[in-house]
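Computation of the quantities below employed the complete heavy-atom set of this structure, encompassing side-chain atoms and omitting hydrogens, waters and symmetry-equivalent molecules. Throughout, numbering of the chain's residues begins at 1 and tracks the sequence.
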Amino acid sequence: QVQVAESGGGLVQPGGSLRLSCIVSRGPYGYYTIAWFRQAPGKERECISVIIIPHNTTYINPSLKGRFTISRDTTKDTIYLQMNDLKPEDTAKYSCAADAPYGTPQEMCKEGEFHSWGQGTQVTVFS
């Protein structure tokens with residue numbers, strides 16, 4: 001089973017940038033799906049972006065497109081979430097998750113599609 005662990009959260013001012021990392025410990029197969037989610041206090045968990053390995057097909061939540069980007073470093077087995085122009089409403093706990101590729105990236109951008117989760121990393125945007 002693929003396992004994941006996040007890093008890179010922290011405090012940032014509005015308009016700033018952060019890059020989160022999701023380190024992937026691969027299972028026995030070369031194909032899997034990695035997704036980024038976030039959950040703000042009192043709100044439901046929201047899917048940000050999905051990437052399917054090894055084809056690197058991606059999906060990003062339309063509400064975040066243009067500010068958030070998902071990418072992969074094959075040499076480090078790491079998936080990144082680049083977040084630019086951060087806003088106070090981006091404050092949340094960010095988590096990455098892994099599972100087999102059961103559908104397209106857009107189809108898999110749902111919390112229930114994933115069974116392996118990291119501990120999460122807090123991102124706080126404050127002025």
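Inter-residue side-chain proximity for I79 and I70 is flagged as met; some heavy-atom pair is nearer than 4.5 Å. Using a 4.5 Å heavy-atom threshold, the side chains of N56 and I51 count as touching. D73 places a side-chain heavy atom less than 4.5 Å from the side chain of Y80. The shortest distance between side-chain heavy atoms of S116 and V2 does not fall below 4.5 Å. Looking only at side-chain heavy atoms (C-beta outward), R72 and I53 come within less than 4.5 Å of each other. Residues T33 and V50 are in side-chain contact: their nearest non-hydrogen atoms beyond the backbone lie under 4.5 Å apart. For the pair N61 and R38, the minimum side-chain heavy-atom distance is 4.5 Å or more. Residues I34 and C22 form a side-chain contact, since some pair of their non-hydrogen atoms from C-beta on lies under 4.5 Å apart.
The closest donor-acceptor contact from the side chain of K76 to the backbone of I23 lies at 3.5 Å or more, if one exists at all. A donor-acceptor contact shorter than 3.5 Å is absent between the side chain of Q82 and the backbone of R19. Remark: the backbone N or O of Q119 is paired with a side-chain donor or acceptor of E6 at under 3.5 angstrom.
For the atom pair Q122 CD and T91 OG1, the distance stands at 7.0 Å (nearest 0.5 Å). We find the CD1-OG1 distance between I48 and T69 to be 11.5 Å, quoted to the nearest 0.5 Å. Here K87 contributes atom NZ and R67 contributes atom CZ; the two are 5.0 Å apart, rounded to the nearest 0.5 Å. Taken to the nearest 0.5 Å, the NZ atom of K43 stands 8.0 Å off from the CD atom of E89.
Applying the salt bridge (charged side-chain N to carboxylate O under 4.0 Å, His left out) definition to pairs two or more places apart or across chains, those involving residues 98-125 are R45-E111.
A continuous path of Ile, Leu, Val, Met, Phe, Trp and Tyr side chains, each step under 4.5 Å between heavy atoms, connects M108 with W117, placing both in one hydrophobic cluster. Cluster membership check: Y59 does not share its hydrophobic cluster with V4, using side-chain heavy-atom separations under 4.5 Å among Ile, Leu, Val, Met, Phe, Trp and Tyr. Linking Ile, Leu, Val, Met, Phe, Trp and Tyr residues whenever their side-chain heavy atoms come within less than 4.5 Å leaves I60 and I52 in two separate clusters. Linking Ile, Leu, Val, Met, Phe, Trp and Tyr residues whenever their side-chain heavy atoms come within less than 4.5 Å places Y94 and V125 in a single cluster.
Scanning both residues, G120 and S95, for their nearest heavy atoms gives CA-OG, 3.6 Å. Taking all atoms of both residues into account, the shortest heavy-atom contact from S17 to D85 is OG-N, 4.2 Å. Pairing each heavy atom of S49 with each of C109, the nearest pair is N-SG, 4.3 Å. Taking all atoms of both residues into account, the shortest heavy-atom contact from A92 to A40 is CB-N, 3.8 Å.
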For this session: Apply the test side-chain contact (heavy atoms from CB on, under 4.5 Å) to residues D90 and M83: give CA-CA distance (whole Å), side-chain angles for both, the deciding distance (0.1 Å), then the verdict.
Result: CA-CA 9 Å; D90 294 319; M83 306 184 295; over 6 Å; no
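W36 has its ring centre no less than 6.0 Å from the ring centre of F68.
Using cut-offs of 30° and 60° for the angle between ring planes, the F37 and F114 rings count as perpendicular.
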